[in-house]
Amino acid sequence: MEELIAKHVSDSEIEQIQPVFKAHLNAQNRLFGGQLVAWIDIVAGAVARRHSCRNVTTAEIDNLQFKLPVSANDVVVLHGKMTFVGRTSMEVRVDSFVEALNGERKLVNTAYLVLVALDENGKPTPAPKLICDTPEEKAEWDAGRKRRGLRERRRAESY
Ligand SMILES: CC(C)(COP(=O)(O)OP(=O)(O)OC[C@H]1O[C@@H](n2cnc3c(N)ncnc32)[C@H](O)[C@@H]1OP(=O)(O)O)[C@@H](O)C(=O)NCCC(=O)NCCS
C-alpha cells in the first residue's frame, strides 16, 4: 500500500478573497446565507484536496452562526485550515470576515466541515496524518477530536 506522507497545517492553508456583487444578495440587500455557505464549502474542499491530494466530498458542515450582515461592495475574506484528521475524514475550519478598505477585518462566521478523501472508485480512502506545529494548532486538534466524538454521538442518536 502507498505510504502517505504526513503534512503540516500550513501545507494546505488557504485564504480566498470574494467580492460581494448584486447577484449574491437576498431581498433585504444582504449577502444570501446560502451563497456564503457555498464559498465556505469551496474553500474547505480546496484545503482537504490539498492535504489529501485526492478528490474529496463534504460529509458534514456544522456550527454555522451568522454574526454580522454583509452588504454589496463588501469584500469577504475566507480563511481555511485543516484542524483534525481521522482515518479517511478531515476536519477543516473556515473563518469568514468582512474586510474594510483600511484592511480591518470583522468575523462574520466560523464553520467546521468534515470532508472525506475518495479513491478512484469514489470510496473513502485514508488521508495523510496532520502535523500540528503551534500550540494553537495542537489546541484545535484536541478540540477537533472532541467535536468528532460529539458528531459520532449525534449520528448514533440520529439528531
Ligand atoms: C461521506 C461519505 C463518503 C461517507 O461514506 P460512508 O460509506 O459512510 O463511509 P464510512 O462509514 O467509511 O465513513 C468514512 C469517514 O467519514 C466519516 N463520516 C461519515 N459520515 C459522516 C458524517 N455525517 N459526518 C461526519 N463524518 C462522517 C466517518 O466517521 C469516517 O471517518 P474516518 O475514516 O476518519 O473514521 C458518504 O456518506 C457520502 O458520499 N455522502 C454524500 C456526500 C456528498 O455528496 N456531499 C456533497 C454535498 S450534497
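Start at 1 and go down the list; that is how both ligands and their atoms are numbered.
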Do me a favour and list the nearest non-hydrogen protein atom to [atom] with residue, atom name and distance?
| atom | answer |
| --- | --- |
| atom 1 (C) of ligand 1 | A59 CB, 3.7 Å |
| atom 44 (O) of ligand 1 | T57 OG1, 3.6 Å |
| atom 10 (P) of ligand 1 | P124 CG, 4.5 Å |
| atom 47 (C) of ligand 1 | T58 O, 4.3 Å |

Considering only protein heavy atoms, determine whether one is less than 4.0 Å from [atom].
| atom | answer |
| --- | --- |
| atom 7 (O) of ligand 1 | no |
| atom 13 (O) of ligand 1 | no |
| atom 38 (C) of ligand 1 | no |
| atom 16 (O) of ligand 1 | yes |
| atom 29 (O) of ligand 1 | yes |
| atom 4 (C) of ligand 1 | no |
| atom 42 (C) of ligand 1 | yes |

- prompt: Got a salt bridge between R105 and E15, using NZ or NE/NH1/NH2 to carboxylate O under 4.0 Å?
  reply: yes

D95/L107 under side-chain contact (heavy atoms from CB on, under 4.5 Å): CA gap, chis, key distance, verdict: CA-CA 7 Å; D95 289 315; L107 186 69; 4.0 Å; yes

field: Where K7 and S52 come nearest, the two heavy atoms and their spacing
entry: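 Closest approach of K7 to S52, heavy atoms only: NZ-N, 4.5 Å.
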
- request: Search all heavy atoms of M90 against all heavy atoms of V56 and return the closest pair with its distance.
  value: CE-CG1, 3.9 Å

message: I'd like to know whether H79 forms a side-chain hydrogen bond (donor to acceptor under 3.5 Å, both in side chains) with E13, so could you lay out the CA-CA distance, the side-chain angles of the two residues, the decisive distance to 0.1 Å, and finally the verdict.
response: CA-CA 8 Å; H79 179 258; E13 209 164 353; 3.0 Å; yes

CA sep, side-chain torsions, deciding dist, call: L130, V9, side-chain contact (heavy atoms from CB on, under 4.5 Å): CA-CA 7 Å; L130 184 66; V9 173; 3.9 Å; yes

Backbone N/O of K123 and side chain of N121: donor-acceptor pair under 3.5 Å: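 The answer is no, because no donor-acceptor pair under 3.5 Å joins these two groups.
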
query: Could you walk me through whether I40 and S96 pass the side-chain contact (heavy atoms from CB on, under 4.5 Å) check?
result: CA-CA 8 Å; I40 289 170; S96 308; 3.7 Å; yes

message: So for E152, does at least one of its heavy atoms come nearer than 4.0 angstrom to any atom of ligand 1?
response: no

- request: Tell me, please, whether F84 has R148 positioned over its six-membered ring: NZ or CZ under 6.0 Å from the ring centre and within 45 degrees of its axis?
  value: no

query: Considering only heavy atoms of T88, which atoms of ligand 1 have at least one such atom less than 4.0 Å away?
result: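 Near T88, the atoms of ligand 1 are 14 (C), 15 (C), 30 (C), 31 (O), 32 (P), 33 (O), 34 (O).
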
message: Under 4.0 Å from a heavy atom of G86: which atoms of ligand 1 are those, numbered in the order shown and with their elements?
response: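 Every atom of ligand 1 under 4.0 Å from some heavy atom of G86: 34 (O).
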
task: Show your working on side-chain hydrogen bond (donor to acceptor under 3.5 Å, both in side chains) between R154 and Y159 and close with a plain yes or no.
output: CA-CA 5 Å; R154 276 206 316 252; Y159 76 96; 5.8 Å; no

message: I'd like to check whether S89 has a polar contact with ligand 1, where a contact means an N/O of the residue lying under 3.5 Å from an N/O of the ligand.
response: yes

message: Measuring from atom 26 (N) of ligand 1, which candidate in E60, R151, R148, R155 has the nearest non-hydrogen atom?
response: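 Heavy atom nearest to atom 26 (N) of ligand 1 belongs to R155.
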
